[in-house]
Amino acid sequence: MARATGLSPAAVSYALRGMQVSEETMQRVRAAAAELGYEADPIARALASGRTGMIGLLCGSLEDLWQQSLAVGISRGLREKDRYALILDAVGDPARERALAQQLRDQRVDGMIVQPLDPAAAFWPELCESVPVVAIGDSLAGTAGEVVFDNRRGVTLALEHLRGLGHRRVCVLTPTRASTPDRPADVHVTAEADRLGLDITVATAPHGLAAATRVAHRVLSDARPSAVFCFADSIAYGVYAAAAELGLSIPRDVSVMGYDDHPMSELLTPGLTTVDWDIDGIVRAAVRLVSAAADGSARRRRVVQQPTLRERGSVTGPPGG
């Protein structure tokens with residue numbers, strides 16, 4: 001390969017790995033490799049470079065359709081950078097999250113992207129010392145980078161929208177468990193409700209449709225709120241299902257809001273009003289940050305995603321209002 005391109009073996013090696021060479025050199029080497037039928041031995045390359053080419057992607061719960069979309073986008077983005085995603089699912093369990101994070105570290109991934117269920121867990125700083133970690137959603141101590149959501153702004157957009165339409169009794173459905181009560185969005189929703197004079201109740205609901213529907217059925221059957229604000233569109237889909245079972249109309253009998261603008265949300269009848277976090281921007285930022293960290297960059301970067309309210313037909317004024 002070096003003889004065919006007129007480059008040194010080191011330059012050829014760097015070009016094949018997409019490192020420390022110009023785009024022109026990289027394209028020349030890859031064109032020569034394709035012409036010669038050359039394929040790098042991944043094991044030999046890992047031994048020589050000390051890198052596996054693998055990036056661990058630890059998802060909080062892949063029952064959340066938005067997280068599924070995020071995983072697909074990150075996997076494709078990493079592949080464009082000649083890296084591969086090793087995707088693991090914590091199934092909403094903080095204890096499983098810790099075990100899987102440590103497993104990824106022990107498998108010597110080059111970096112890790114996490115959507116933490118428990119940002120306050122004590123193991124994160126130690127983990128971040130041994131492998132470059134990029135956090136999505138909530139901030140973690142010691143990360144190489146993070147793509148955090150302005151949850152205060154997102155919660156404020158949603159609650160001010162409901163209050164402006166006349167709602168006062170709102171139920172918030174969150175995937176956060178009682179064992180991890182300090183998630184920023186959950187903290188902000190309580191503070192903002194107090195500021196706006198809203199009477200809120202908070203209930204835990206899983207991302208899975210069947211489980212979310214059971215929780216929503218109970219919420220809508222008891223002292224029914226005038227609006228339900230869900231911290232995931234996947235949970236909001238359960239509210240739609242429960243309302244249909246109970247013969248309730250959205251938004252005439254109850255308004256429903258989501259929090260991540262999954263593509264399916266626009267196709268519902270009525271369309272789901274939700275908070276959009278720009279998933280494509282999150283994917284690009286996370287892939288860029290973890291790639292730089294895996295290549296040895298010591299610079300810590302922080303990207304803050306700003307929300308946009310997507311108004312559709314699932315929210316109106318309260319019944320009788």
Does [X] reach the main-chain N or O of [Y] with its side chain, forming a donor-acceptor pair under 3.5 Å?
X	Y	result
Ser226	Arg169	yes
Asp110	Gly53	yes
Asp278	Gly281	yes
Ser234	Leu65	yes
Arg224	Val254	no
Gln67	Gly60	yes
Ser291	Arg288	no
Trp124	Asp118	yes
Ser221	His217	yes
Glu146	Ser139	no

Measuring from [X]:[atom1] to [Y]:[atom2], what's the distance to the nearest 0.5 Å?
X	Y	atom1	atom2	result
Leu104	Met112	CG	CE	4.5 Å
Leu157	Leu162	CG	CG	11.0 Å
Leu289	Arg300	CG	CZ	10.0 Å
Arg302	Thr143	CZ	OG1	9.0 Å
Ile113	Leu58	CD1	CG	11.0 Å
Thr316	Ile250	OG1	CD1	12.5 Å

- Note on the structure: Residues Leu117 and Ala90: closest non-hydrogen pair is CD1-CB, 3.9 Å
- Would you kindly say whether Thr308 and Asp276 are connected by a side-chain donor-acceptor distance under 3.5 Å? no
- Message: Is it true that Thr269 and Tyr240 share a donor-acceptor pair across their side chains at a distance under 3.5 Å?
- Response: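 No, no side-chain donor-acceptor pair sits under 3.5 Å.
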Would you kindly confirm whether [X] and [Y] end up in one hydrophobic cluster when ILVMFWY residues are joined by side chain heavy atoms under 4.5 Å apart?
X	Y	value
Leu268	Met257	no
Val275	Val283	yes
Val172	Val155	yes
Ile200	Val228	no
Val133	Tyr84	yes

Salt bridge present between [X] and [Y] (N-O < 4.0 angstrom):
X	Y	result
Arg310	Glu266	no
Asp261	Arg312	yes
Glu160	Arg163	no

- Task: Return the set of residues passing side-chain contact (heavy atoms from CB on, under 4.5 Å) with Thr201 (not counting sequence neighbours), or none when no residue passes.
- Result: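 Testing Thr201 for side-chain contact (heavy atoms from CB on, under 4.5 Å), a comparison that skips the adjacent residues, returns Cys171.
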- Item | Heavy-atom check, side chain of Ile55 versus side chain of Leu86, under 4.5 Å | no
- Item | Ser314: partners by side chain to side chain donor-acceptor pair (under 3.5 Å), with sequence neighbours left out |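 With sequence neighbours excluded, Ser314 shows a side chain to side chain donor-acceptor pair (under 3.5 Å) to no residue whatsoever.
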- Message: I'd like to know whether Thr274 forms a side chain to side chain donor-acceptor pair (under 3.5 Å) with Asp233, so could you lay out the CA-CA distance, the side-chain angles of the two residues, the decisive distance to 0.1 Å, and finally the verdict.
- Response: CA-CA 7 Å; Thr274 184; Asp233 284 13; 2.8 Å; yes
- Quickly, which of Trp277, Trp66, Phe149 forms a ring pair (Phe, Tyr, Trp, His ring centres under 6.0 Å) with Tyr259? Name it, please. Trp277
- Message: Does atom CZ (Arg76) have a neighbourhood of more than 12 heavy atoms from anything else shown, all under 6.0 Å?
- Response: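 Atom CZ in Arg76 is not crowded, with 12 or fewer foreign heavy atoms closer than 6.0 Å.
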- Message: Taking CD in Gln306 as the centre, count heavy atoms belonging to other residues, nucleotides or ligands within less than 6.0 Å. Is the count above 12?
- Response: yes
- How far apart are the C-alpha atoms of Ser265 and Tyr237, what are their side-chain angles, what is the distance that settles it, and do they pass the side chain to side chain donor-acceptor pair (under 3.5 Å) test? CA-CA 8 Å; Ser265 297; Tyr237 303 159; 2.7 Å; yes
